[in-house]
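Following: one structure in structure tokens, then a few remarks.
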Amino acid sequence: MTDKGLIVSLSGPSGVGKGTVLAGVREKLPDSGTSVSVTTRKPREGEAEGVSYFFRTKEEFLKLIDEGEILEYDTYVDNYYGTPATPLKKMSSEGVDVLLDLTIAGSLALKEKFEQAVTIFILPPSYEALRTRLVGRGTETEDVIEKRLAEAQSEIVRANEFDYVVVNDDLEDAIHKVLSIIEAEKCRYEHNNGIEKKTSWT
Ligand code: 5GP
């Protein structure tokens, strides 16, 4: 356990600003690792293959599951999303802290699989704030926004299944809180097993 990197997974409703919070956290932790997910969703404007996601057909996605290449996966608004197994395992076993943005089921699945997983639920300050952000983002049609808002209602009640909750009212404050959680987790005794014996007293 000592030298494994943390697997820090953020979840929360679409439009809550998980991506922006994560980007801010990554800026402060330049040595952290990124897991690029596989999805059957079509690329949005500006999204690059292998950077934002690996974009695959449903058939290709199902084949990856069959081959054991997907660590966890979920369906979200008519598409599949999954975490590739090899890169995540490799980074964490090399001591690299990996930051992820997953659905609730995805974060909880990682928590089941890895003792070094830390789950954080990002809450919106209000339902209206969420709607305003989703509309303002302008990346989805009205129909998809309605589906994402409906999904959000059923997601928020699951915040209690997570290790931590952070309300994204103020971006800088939310980033600071996530960084503090990571720092505290790294100080847990089980991540520093036997450290007191390695400390030089003479
Ligand atoms: P988007 O379509 O906005 O990029 O992502 C939709 C949702 O899929 C987000 O809530 C994001 O957290 C989730 N997601 C992205 N990649 C993965 C993944 O590999 N596994 C799971 N379980 N969820 C993912």
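Residue numbers run from 1 in the order of the sequence given. Only a predicted model underlies this, so the values are computations on that prediction, with no experimental measurement involved. We count ligands from 1, going down the list as the structure has it; atoms in each ligand are counted the same way. Atom set for the values below is all heavy atoms of this structure, side chains included, hydrogens, waters and symmetry mates excluded.
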Main-chain N/O of I104 paired to S107 side chain as donor or acceptor, under 3.5 Å: no
Where do T39 and R41 land on the side-chain hydrogen bond (donor to acceptor under 3.5 Å, both in side chains) test, with the steps shown first? CA-CA 5 Å; T39 185; R41 166 167 81 58; 5.2 Å; no
Scan for ring pair (Phe, Tyr, Trp, His ring centres under 6.0 Å) pairs involving residues 140-175, sequence neighbours excluded, and state none if there are none. F121-F162
For residues I122 and V16, report the shortest heavy-atom separation together with the two atoms involved. O-CG2, 3.5 Å
From the list Y76, F61, Y73, side chain to side chain contact (heavy atoms under 4.5 Å, CB included) partner of Y81 resolves to Y76
Give me the atom names and distance for the closest heavy-atom approach of E155 to S14. OE1-N, 4.3 Å
So if I only count non-hydrogen atoms and take anything under 4.0 Å from ligand 1, which residues does that give, chain by chain? K18, S37, R41, R44, Y53, E72, D74, Y76, Y81, G82, T83, D101, L102, T103, G106, R148
